[in-house]
There are 2 protein chains.
Amino acid sequence: MSRPSSFSKLDHHPAYRVVSEKIRSAITSGELVAGDLLPTETELAEQFGVTRSTLREAIRLLEHGGLIGRADRKRLVVTLPQTEQIGRSVSSAMLMHKVTFRELWEVAMGLEPLAARLACANASSDEKSQLRSLWQRTCSAAEGGADHHQLLLECELEFHHRVAQATHNHALLQARAPLNDLFYPAWGAVIRALSPGARIVVAHRHVLEAIEHNQPEQAGLWMEKHMQDFRRGVELAELGFEQPVSG
Amino acid sequence: MSRPSSFSKLDHHPAYRVVSEKIRSAITSGELVAGDLLPTETELAEQFGVTRSTLREAIRLLEHGGLIGRADRKRLVVTLPQTEQIGRSVSSAMLMHKVTFRELWEVAMGLEPLAARLACANASSDEKSQLRSLWQRTCSAAEGGADHHQLLLECELEFHHRVAQATHNHALLQARAPLNDLFYPAWGAVIRALSPGARIVVAHRHVLEAIEHNQPEQAGLWMEKHMQDFRRGVELAELGFEQPVSG
DNA sequence: ATTGACATATTGTCGGACAATGCGTCAATA
DNA sequence: TATTGACGCATTGTCCGACAATATGTCAAT
């Protein structure tokens, strides 16, 4: 065993993984683009020289990544991975790694103000008006008290998501997608404990107006304050800043 | 059709997806933890009341997400999703969305200086010394000229990865994991075009020393300069800052 | 203690089968 | 003419049974 073996451990990949990899590379190499229809399962199975069962396992492997899906419940189609779909698997990974409130907050402090700044330059007027109408909904949710906690939570999360969307930066969208999933339970706990509707509304308004008037610095600063509020909220609610975010 | 139908579109999920979801929820809910061994396929199939083929498709669905794997080529085992595995699917998603150099750079400007700052407080002495020895390897790679471009590229990427690891922030690691994959071709092109070894070495040294001396501001500033260098590199190499990063 | 032979269990792969369902065609009808 | 209904066809989702390859355990032989 201690003898320096010059043989590399030969790795025998199962067929379903090989097939999956072939299809994946065909997609990522641009040979197949989103929207392209794939042949039927039987036909694909023939092309690869495997049985339909094996091919289907390969399909499942890609399906989870959002690379392919069903067009009309029949034909397979190459699809663009959706940020939310990918983000969910990332966030579940974060949950399993027991990411703490602090870790989540630190990353959010890096990404959310950045998103706010970038949104100033890139938000379309349509996105701006949608943000404003969302803010008005947030107002009414904040007034409702405990009855509207769930609604307020959803407004809070949607606000950040829409700001990120307004950047039109897909890398940013993908990077912060999992944060939204983690903030769901996190903000939820804070809201239930403190009813911080008023503070949320104020912060959102300043960010919104900064975006409307194309003031990146202001947008970033107020988003930062908003995240500081979140941190204070976690501490005041005595959730334990160093505790893992519970799914 | 225009009549307001009060019926919700009933969604019939195929069995393999239901089974997959059952297992996933058992894992994310903590009922099953990483390291747990699952029964054999036949046994699982019996428990869920499906055939082995169907069950295997469900398994594939989870396998891609890194939630389960094979222990010893036989028994199934619950595994902690690895950042790199997840990151790769995210980065391939970014590639398909034609993320530009600018978008990549903007996110990196948010995350990399943050990582440098956080690494100051959290890096173990072991990680610090590993960073230093990596820097020395970078030096020799930088001297080699065109022959060592590949080596230099790998050093550059590994440096950023290790800095991120030194933060001990798993959320940050997951969020920036896909960036590494995208920086591979991006830095590669810059290095081949400009041979910026010297500048890389200088920037890394400053970041490294700032981390060693626990100076977060310095670490963040130099990491920022480093990313500015990357941007200049893309422009000087005439790669097109607004062009998509090619996989 | 190492080696070899053998039975056992489990996975990877195969081939075939069938029900459910969506789609196209085409005739019948108002 | 436009809608409806009947019918056949294609494809997926699911099932069943089978077998080779391989890892594991046991036991005897050296």
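When reading the values below, keep in mind they use all heavy atoms of this one structure, side chains included, and skip hydrogens, waters and symmetry mates. Remember, predicted model here, so these are calculated numbers, not experimental data. Below, chains carry the letters A, B, ... as their sequence lines are ordered, and counting in each starts from 1.
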Measure up the A:His170 and B:His97 rings against each other and bin them: parallel (under 30°), tilted (30 to 60°), perpendicular (over 60°). parallel
Close residues, residues 46-64 of chain B, relative to DNA chain C [heavy-atom separation under 4.0 Å]: B:Arg52, B:Arg56, B:Arg60
A:Arg17 CZ to C:dG12 P: how many Å, rounded? 8 Å
Mind checking whether B:Phe241 and B:Trp105 have parallel, tilted or perpendicular rings, split at 30° and 60°? perpendicular
Measure the distance from CD on A:Glu41 to C1' on D:dT14 and round it to the nearest whole Å. 11 Å
Does any part of the side chain of A:Val107, heavy atoms only, come nearer than 4.5 Å to the side chain of B:Arg176, both counted from C-beta? no
Whole angstrom is fine here: how far is it from NE2 in B:His12 over to C1' in C:dA20? 9 Å
Take the angle between the ring planes of B:His160 and B:Phe183 and call it parallel below 30°, perpendicular above 60°, tilted in between. parallel
Atom CG in B:Leu62, atom NE2 in A:His64: separation rounded to 0.5 Å? 7.0 Å
For A:Leu76 and C:dG22, give me the distance from atom CG to atom C1', rounded to whole Å. 15 Å
Is there a side-chain contact between B:Arg70 and the phosphate of C:dG12, meaning an N or O under 4.0 Å from OP1 or OP2? yes
Short N-O contact, A:Glu63 and A:Arg60, less than 4.0 angstrom: yes
Length of the CZ-P vector between B:Arg75 and C:dT10, whole Å: 8 Å
Rounded to the nearest angstrom, tell me the gap between atom NE2 in B:His13 and atom C1' in D:dT14. 17 Å
